[in-house]
Amino acid sequence: MIFRKITTVFLIVGLSIGLFSCGSSSKEDDKETVKILYANYLENIAYSHLSKIALEERGYAVELTNLELGLIFGELSKDRPNGDLFLDAWLPNTHKAYWEEYGDRLVKIGESFSEGTTGLVVPSYLPINSIEELNAHKDKFKGRIIGVGGGAGIHADTYRAIEEYDLELEQITSSGPAMVAALQKATRNKDWIVVTGWKPHLKWIQYDLKYLDDPKGIYPTDVCAILSRRGFEEDMPEVADFFKKFNLTDDQLNGLMEQIENIGDEAGARIWYDANKDLVESWFDK
């Protein structure tokens, strides 16, 4: 038992050394590898895998690393980060807290999507249209707003909405997939449900939904910004120029996310890339 524990320790240490020795290879090698950090949101998965395919077609090696949102901002802001880019920073509002903490050590180089919205969402068959109407139907909603993870900006905004509107509903912290599963079950049975929602998100093409009006302006409009570490543009100007032009419309992104959801991350992104190659390749044009 003691031998197995010691072996495990050396294995972990060995893997750690191997991981970070790769990150500290020669400067020339670093310039050939693009390191993209991404959070576990479908649109972020879509941006990252599409970028990986496009850059690999140009001869670059691409590493994708999945991290929690706060760790992404923290990693990219380091003096010697083990990452180059994050393609889904909701600015200037939803990820404001992260930007205030780390933004002076990051660079915004583009926008992957320019029409980001957040809010409280219900199925279109419900006969209400405003957040102000929630309390009147709190029993039908079982006193719950189905939320996502605590690190998401929309999670904090929903607590603000509960306070500002004096809502008699509790936010249930779950996850993106759990929220969608609850939405799927409710819409199948025509039940009452309210969830925290945002665009872009695949649920808008899977279900007939609507935002509740937000007269107090709690939920903001954002762009999905592309952030890089400092010095990235100087190190990899062609790649930086690609990401300055990288931008998807609502319809384009929905199509990409649908392929990824139905087929898988890499395979779905490949199918969408092949069908839209001229558009993606135009982002490399001078």
Side-chain angles (χ1 to χ4, degrees), residues 38-46 66-70 88 90 93-98 113 115-222 224 250 253-254 257-258 260-262:
Y38 73 99
N40 199 32
Y41 303 117
L42 184 56
E43 83 276 0
N44 197 186
I45 293 168
N66 181 218
L67 291 174
E68 187 271 334
L69 189 60
D88 197 25
W90 285 59
N93 298 297
T94 304
H95 292 163
K96 180 181 179 180
Y98 294 117
F113 185 77
E115 305 166 37
T117 54
T118 61
L120 295 184
V121 175
V122 299
S124 294
Y125 57 74
L126 294 190
I128 66 170
N129 296 293
S130 173
I131 295 174
E132 294 176 317
E133 299 176 73
L134 287 172
N135 280 346
H137 304 278
K138 62 181 181 181
D139 292 340
K140 294 177 181 176
F141 289 113
K142 299 179 181 178
R144 302 184 303 174
I145 298 169
I146 308 302
V148 291
I154 194 172
H155 190 265
D157 288 339
T158 299
Y159 281 124
R160 282 186 56 221
I162 290 172
E163 181 178 350
E164 293 291 328
Y165 288 100
D166 293 320
L167 295 180
E168 298 170 17
L169 291 87
E170 177 187 5
Q171 178 175 208
I172 304 301
T173 301
S174 60
S175 65
M179 177 268 290
V180 172
L183 188 61
Q184 180 183 42
K185 181 180 179 181
T187 55
R188 184 170 59 243
N189 299 323
K190 299 296 182 184
D191 291 335
W192 286 64
I193 188 171
V194 54
V195 304
T196 59
W198 59 92
K199 287 184 180 182
H201 195 285
L202 195 60
K203 64 179 177 289
W204 293 96
I205 60 176
Q206 293 175 323
Y207 309 103
D208 187 8
L209 305 172
K210 61 185 176 183
Y211 278 125
L212 293 177
D213 292 340
D214 175 22
K216 294 182 183 292
I218 302 298
Y219 294 97
T221 298
D222 281 311
C224 299
D250 195 26
L253 182 52
N254 282 340
M257 290 192 297
E258 190 169 27
I260 286 174
E261 178 76 3
N262 292 337

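Worth saying up front: this structure is predicted, and the values here are computed from it rather than measured.
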- prompt: When the ring centroid of Y211 is compared with that of W204, is the distance short of 6.0 Å?
  reply: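 Under 6.0 Å, so yes.
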What are the two closest heavy atoms between [X] and [Y], and how far apart are they?
X    : Y    : answer
L209 : P123 : CD2-CA, 3.9 Å
N66  : N40  : ND2-N, 3.6 Å
H155 : V148 : CD2-O, 3.3 Å
Y98  : G70  : CE2-CA, 3.4 Å

4.5 Å side-chain heavy-atom contact, W198 and V121: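 No - every pair of side-chain heavy atoms lies 4.5 Å or more apart.
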Listing, residues 157-165 side-chain donor-acceptor contacts under 3.5 Å, not counting sequence neighbours, or none:
from: T158; atom 1: OG1; to: I154; atom 2: O; distance (Å): 2.8
from: T158; atom 1: OG1; to: Y219; atom 2: OH; distance (Å): 2.9
from: Y165; atom 1: OH; to: D214; atom 2: OD1; distance (Å): 2.5
from: Y165; atom 1: OH; to: K216; atom 2: N; distance (Å): 2.8

Donor-acceptor under 3.5 Å (N93 side chain, D222 main chain):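 Between the backbone of D222 and the side chain of N93 there is no qualifying donor-acceptor contact (under 3.5 Å).
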Side-chain donor or acceptor of N44 paired with backbone N/O of Y38 under 3.5 Å: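 The answer is no, because no donor-acceptor pair under 3.5 Å joins these two groups.
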Working to the nearest 0.5 Å, report the span between [atom1] of [X] and [atom2] of [Y].
X    : Y    : atom1 : atom2 : answer
L169 : F141 : CG    : CZ    : 7.5 Å
L253 : E43  : CG    : CD    : 7.0 Å
T117 : W90  : OG1   : CH2   : 6.0 Å
Q206 : E261 : CD    : CD    : 5.5 Å

field: Residues that I205 engages under side chain to side chain contact (heavy atoms under 4.5 Å, CB included), provided they are two or more places apart
entry: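 Side chain to side chain contact (heavy atoms under 4.5 Å, CB included) list for I205, sorted by chain: L202, N254, E258.
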field: Partners passing side chain to side chain contact (heavy atoms under 4.5 Å, CB included) against A178 (at least two apart in sequence or in another chain)
entry: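 A178 satisfies side chain to side chain contact (heavy atoms under 4.5 Å, CB included) with S174, S175 only.
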Side-chain donor-acceptor distances from residues 185-193 under 3.5 Å, at least two apart:
from: T187; atom 1: OG1; to: L183; atom 2: O; distance (Å): 2.9
from: T187; atom 1: OG1; to: Q184; atom 2: O; distance (Å): 3.1
from: N189; atom 1: ND2; to: K185; atom 2: O; distance (Å): 3.3

task: Could you walk me through whether L126 and K140 pass side-chain contact (heavy atoms from CB on, under 4.5 Å), step by step?
output: CA-CA 11 Å; L126 294 190; K140 294 177 181 176; over 6 Å; no
Residues 130-138, side-chain donor-acceptor partners within the protein, below 3.5 Å, at least two apart:
from: S130; atom 1: OG; to: E132; atom 2: N; distance (Å): 3.1
from: E133; atom 1: OE2; to: N129; atom 2: N; distance (Å): 2.8
from: E133; atom 1: OE2; to: S130; atom 2: N; distance (Å): 3.0
from: N135; atom 1: OD1; to: E168; atom 2: N; distance (Å): 2.7
from: N135; atom 1: ND2; to: D166; atom 2: O; distance (Å): 2.9
from: K138; atom 1: NZ; to: E168; atom 2: OE1; distance (Å): 2.3

query: Under the side-chain contact (heavy atoms from CB on, under 4.5 Å) criterion, do H201 and V180 qualify, and how do the steps go?
result: CA-CA 10 Å; H201 195 285; V180 172; 3.6 Å; yes
query: For atom NZ of K210, is the number of surrounding heavy atoms from other residues, nucleotides or ligands below 6.0 Å larger than 12?
result: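 Counting other residues, nucleotides and ligands, NZ of K210 exceeds 12 neighbours.
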- prompt: Who are the side chain to side chain donor-acceptor pair (under 3.5 Å) partners of T196, not counting sequence neighbours?
  reply: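 Partners of T196 under the side chain to side chain donor-acceptor pair (under 3.5 Å) test: none.
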